[in-house]
Structures are given as structure tokens and as C-alpha cells.
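Take a look at the structure set out below.
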Amino acid sequence: MNEHRLIQTIQRKTTRLNVDNISRTEAYRRMYHRLPELHWALLAASVSRNAGYQMTDLWHDDMIHGLSERVRWSLFMAYERANWLIFQDAYPQLLLYEFSCRLNKPLFHLLDRFHVSSFMYKHWMSFWKERQSHILTHALITNEQHVITRPILQEKRLKEVFTSPLFYGQQALHESVVLLPTLHGVLYGQSVQRFTHIKARIQLGRKLYQMMFFRPYSRSVRQFAQTVVHTGKRLDYQKYIHLGHDFSGPLLRAAVPMIRHQRFTANDWFIHLRYLEPKHHGTLIDEPLNRWFDDKRKQLTFLLRMLAYFPKT
């Protein structure tokens, strides 16, 4: 296969799989299954799962009655757009590595053909030589959080979501959580704090990576991520984990249509933005979150049912 055909193949495959949250999550999971040295792929699958849960939550009855349709669609588009942008940037990188393995030669000089930041070239070349999964994973976490900063956090329509009282209220009450379920009835995870700050998002990614690969319970977390089919419903993990409060929306594909996106063609962030890299991943919450998360769901339900009595805007 010549380089032109290879580029077309990767572009077509990325476009075909980047249609919704379900297909993205499955594409990441399958990539990790084929190439388990790509730790980031399984991490991305788990974070993508959580984006799916947040999306379907918006079509839960309490959300429908508590929030206006405009607010719910704005929140949905924020999750969907970030999910799409990360896949559009990262999946061609993973495919280039896969083709490099098949051909037994590095093909990372083609990264710029997919608008990937120059930041990633040296990291892929280093990984090709040394196969240090944790260094590559940290680089991908850093890159993808820079990739979404302008089109998500600085885009006027979506920016309103991240400056709204609802969003700040969720963070203050620790209602926004990335969950890492297991098949053994235990729920791990991390609260999402200071989401608008890039260093905080990178630290969150590193914490989740530590939890998925380097903690005593990591194997059971990975087992869930690798084996449980993603539907977008929280029932995916609630059937393994007893929670007193059920908060599961509909199947994702039954709730929302597939969204057609336009690519955000920004300049290379590594050249035009100040490079931000936290020096450490921060403090991990290693304790199971079952009871804590159950309480947070009850608080959210109470708040939404109170909001249902007020006019929607």
C-alpha cells in the first residue's frame, strides 16, 4: 500500500467509526484488544463510556422535567463535540501505529496529514523504539486536552455551558464523576473538578490512568472495560453494582440522532499555545464510591425535581 492509499484508508475508517459515542467507545476497546501496549486506547474507551452516560442522563425523566430542552441539548452537544474531536485527532494516530506494526516500519511522518500536533511526533517515535506505554499515554492525554480547548471551551455557543450556574453547581456538589466500574460490584472513579482549566483535565486523565493500570484493583476495572458492551445506559454497570437509586436513561441510539460535525481546523497548538504540563497527577481517590455516588444521585434527583417547579429558559 502506498502512502496516498494508506492516508485514504485511515481517513475513511476514522470517518466510518466516528459517527456516535457507541461506535467510538467500541473502536477504542477493539484497538486495545488488538494492541494492548496502547494503554491510552482503553483509557479513552472508559472516558468515552462516561460521556455516553452523561448524554443519556439528559433524557432521564427527571432531567427532562428539571431542565429546559435548550439546556439539555447544549449539554449534549458539549459532550458529543468533545467526544468527536478527540476521536478525530487520536484514532488516526492509533491506526498509523497499527499499520507501522504491520509493515514493520514507523509511519509517523504522516501524522501531519491528519492535522495531528507536532507534539506527538517525537512521542510516537520514542514509543516505537522503547515501547514505554506510560510515557505515550501521558503524551496523548496532554495532546487531546489541548486539542479540545479552543473548539469546546472557547467556542461561543458551547462556552455558555461551562460558564453556566448549572455547570458550576455540578462541580461544587461533586455531581460530575468519571466512573470506573468492576464486575465485582465495586465502583471506583474521580470527581471532575475545574474542568475549564487544562492542567486540571490533564491531571484527571493521569489519575484515571493510574487507577486503570497501576492500582491493586486495576485488573478488575480493565476487565469491565474490555468485556461489557457499551449502550450508553447506566444499566451497563448498575446490573453488576447494587445502587439504591436507579438513574439510568434510555439507550443512547434510541434517544438522540447521529450528529454531523465539521472539523475544527486550528493551527498546531504546540506551536501557537503555551504548553501546559502538570508536574504530578494529584491525589487519587482509591476508596470505592458506591455509597458516595448513590448519595450524589439522590441529591441530583432532589435538585431536578425542585427545578421542575420553576419556569424553563
### Query
Without hydrogens or angle criteria, can the side chains of His230 and Asn21 be said to hold a donor-acceptor pair below 3.5 Å?
yes
### Query
Going by distance alone, is a donor N or O of one side chain under 3.5 Å from an acceptor N or O of the other, for Thr15 and Asn18?
no
### Task
Check whether the side chains of Arg201 and Thr149 place a donor and an acceptor atom closer than 3.5 Å, and report yes or no.
yes
### Task
Rounded to the nearest 0.5 Å, what's the gap from CG on Leu107 to CG on Leu103? Could you check?
6.0 Å
### Query
Is the closest side-chain heavy-atom distance between Leu180 and Phe224 below 4.5 Å?
no
### Task
Answer whether the closest heavy-atom distance between the side chains of Tyr217 and Thr182 falls below 4.5 Å.
no
### Task
Could you tell me whether the side chains of Gln93 and Asp89 share a donor-acceptor contact shorter than 3.5 Å?
yes
## Note on the structure
Given the options His134, His138, His39, Tyr209 meets side chain to side chain donor-acceptor pair (under 3.5 Å) only with His39
### Query
So how far is it from Thr25 OG1 to Phe87 CZ, rounded to the nearest 0.5 Å?
9.0 Å
### Message
Would a single hydrophobic cluster contain both Leu35 and Met125, if residues Ile, Leu, Val, Met, Phe, Trp and Tyr are joined by side-chain heavy-atom contacts under 4.5 Å?
### Response
yes
### Task
To the nearest 0.5 angstrom, please state how far the NE2 atom of His146 sits from the CG atom of Asn143.
8.5 Å
### Task
For residues Ser218 and Met212, report the shortest heavy-atom separation together with the two atoms involved.
CB-O, 3.2 Å
### Message
Would you say CZ of Arg113 has more than 12 non-hydrogen atoms from neighbouring residues, nucleotides or ligands within 6.0 angstrom?
### Response
no
#### Entry: Criterion side-chain hydrogen bond (donor to acceptor under 3.5 Å, both in side chains) on Glu3 and His109, from CA distance to verdict
CA-CA 11 Å; Glu3 289 188 353; His109 62 284; 2.7 Å; yes
### Task
Apply side-chain contact (heavy atoms from CB on, under 4.5 Å) to Thr301 and list each qualifying residue two or more places apart in sequence or on a separate chain.
Asp62, His245, Phe247, Arg305
### Query
Just by modelled atom types, is the Val71 backbone N or O under 3.5 Å from a matching donor or acceptor in the Ser68 side chain?
yes
### Query
Would a 4.5 Å heavy-atom cut-off, applied to side chains only, mark Glu144 and Ile148 as touching?
no
### Summary
The remaining residues in the hydrophobic cluster of Val19, counting side-chain heavy-atom contacts under 4.5 Å among Ile, Leu, Val, Met, Phe, Trp and Tyr, are Met258
### Message
Less than 4.0 angstrom from a charged side-chain N to a carboxylate O is my criterion; do Asp57 and Arg72 meet it?
### Response
no
### Message
One pair to check against side chain to side chain contact (heavy atoms under 4.5 Å, CB included): Leu187 and Trp292. What are the steps and the verdict?
### Response
CA-CA 10 Å; Leu187 201 60; Trp292 179 89; over 6 Å; no
### Query
If we only count heavy atoms from C-beta on, is the Tyr91 to Arg24 side-chain gap below 4.5 Å?
no
### Message
Please tell me whether Tyr237 and Leu251 are part of a single hydrophobic cluster in this structure, the criterion being side-chain heavy atoms less than 4.5 Å apart.
### Response
no
### Query
Leu95, Tyr121: one ILVMFWY side-chain cluster at the under-4.5 Å cut-off?
yes
### Message
Quick one, Gln190 and Met211 - any side-chain contact, counting heavy atoms below 4.5 Å?
### Response
yes
#### Entry: Ionic contact status for Arg29 with Glu26, cut-off 4.0 Å
yes
### Query
Looking at Trp73 and Pro257, what are the two nearest heavy atoms and their distance?
CH2-CD, 3.8 Å
### More than 12 heavy atoms from other groups under 6.0 Å of CZ on Phe302
no
### Task
Applying side chain to side chain contact (heavy atoms under 4.5 Å, CB included), run through Arg16 and Arg12 and close with a yes or a no.
CA-CA 6 Å; Arg16 178 171 59 83; Arg12 283 197 300 268; over 6 Å; no
### Message
With a sphere of 6.0 Å drawn around CZ of Arg219, does it hold more than 12 non-hydrogen atoms of other residues, nucleotides or ligands?
### Response
no
### Task
Compute both the distance and the angle, then confirm whether Arg150 meets the cation-pi test with Trp269: under 6.0 Å from the six-membered ring centre, within 45 degrees of the axis.
no
### Query
Can you name the nearest heavy-atom pair linking Pro106 to Trp128, along with the distance?
CD-NE1, 3.5 Å
### Message
Membership question, hydrophobic clusters at under 4.5 Å side-chain separation (ILVMFWY): are Leu252 and Leu235 in the same one?
### Response
no
### Query
If you look at every heavy atom in Leu96 and Leu111, which pair is closest and at what distance?
CD1-CD2, 3.7 Å
### Task
For His184 and Tyr240, run side chain to side chain contact (heavy atoms under 4.5 Å, CB included): C-alpha distance rounded to whole Å, both residues' side-chain angles, the deciding distance at 0.1 Å, then the answer.
CA-CA 7 Å; His184 308 298; Tyr240 298 100; over 6 Å; no
### Message
Keeping Asp236 on the side-chain end and Thr231 on the backbone end, is there a donor-acceptor pair under 3.5 Å?
### Response
yes
### Message
With rounding to the nearest 0.5 angstrom, report the OH to CD distance, Tyr79 to Gln54.
### Response
4.0 Å
### Message
With a 4.5 Å cut-off on side-chain heavy-atom distances among I, L, V, M, F, W and Y, is there a chain of contacts connecting Leu38 to Ile135?
### Response
no
### Query
Would one find more than 12 heavy atoms of other residues, nucleotides or ligands at under 6.0 Å from atom CZ of Arg131?
yes
### Query
Is the distance between the ring centroids of Tyr32 and Trp40 less than 6.0 Å?
no
### Query
Can you tell me how far CZ of Arg215 sits from OG of Ser220, rounded to the nearest 0.5 angstrom?
13.0 Å
### Message
Under the rule for ring pair (Phe, Tyr, Trp, His ring centres under 6.0 Å), what residues qualify as partners of His261, not counting sequence neighbours?
### Response
Trp84
### Summary
Closest non-hydrogen atoms of Leu17 and Ala27, given as atom of the first, atom of the second and distance, are CD1-CB, 3.9 Å
### Task
State the CG-CD distance between Leu204 and Gln145, to the nearest 0.5 angstrom.
8.0 Å
### Query
Is there side-chain contact between Phe119 and Thr142, with at least one heavy-atom pair below 4.5 Å?
yes
### Query
Any side-chain heavy atom of Asp112 within less than 4.5 Å of one from Val116?
no
### side chain to side chain contact (heavy atoms under 4.5 Å, CB included) evaluation trace for Val228 with Arg49
CA-CA 11 Å; Val228 176; Arg49 276 180 184 268; 4.0 Å; yes
### Task
Give me the ring orientation class for Phe108 and Tyr97: parallel if the planes are under 30° apart, tilted from 30 to 60°, perpendicular past 60°.
parallel
### Summary
Shortest non-hydrogen pair, Gln238 vs Ser248, comes out as NE2-CB, 3.9 Å
### Task
Give a yes or no on this: more than 12 heavy atoms of other residues, nucleotides or ligands lie within 6.0 Å of atom NE2 of His197.
yes
### Message
Would you say that Glu130 contacts Phe127 through its side chain, given a criterion of any heavy-atom pair below 4.5 Å between the two side chains?
### Response
no
### Message
Quick one: does any side-chain atom of Asp268 pair with a main-chain N or O of Ser118 as donor and acceptor, under 3.5 Å?
### Response
yes
### Message
Tell me whether Asn50 contacts the main-chain N or O of Ser46 through its side chain, where contact means a donor paired with an acceptor under 3.5 Å.
### Response
yes
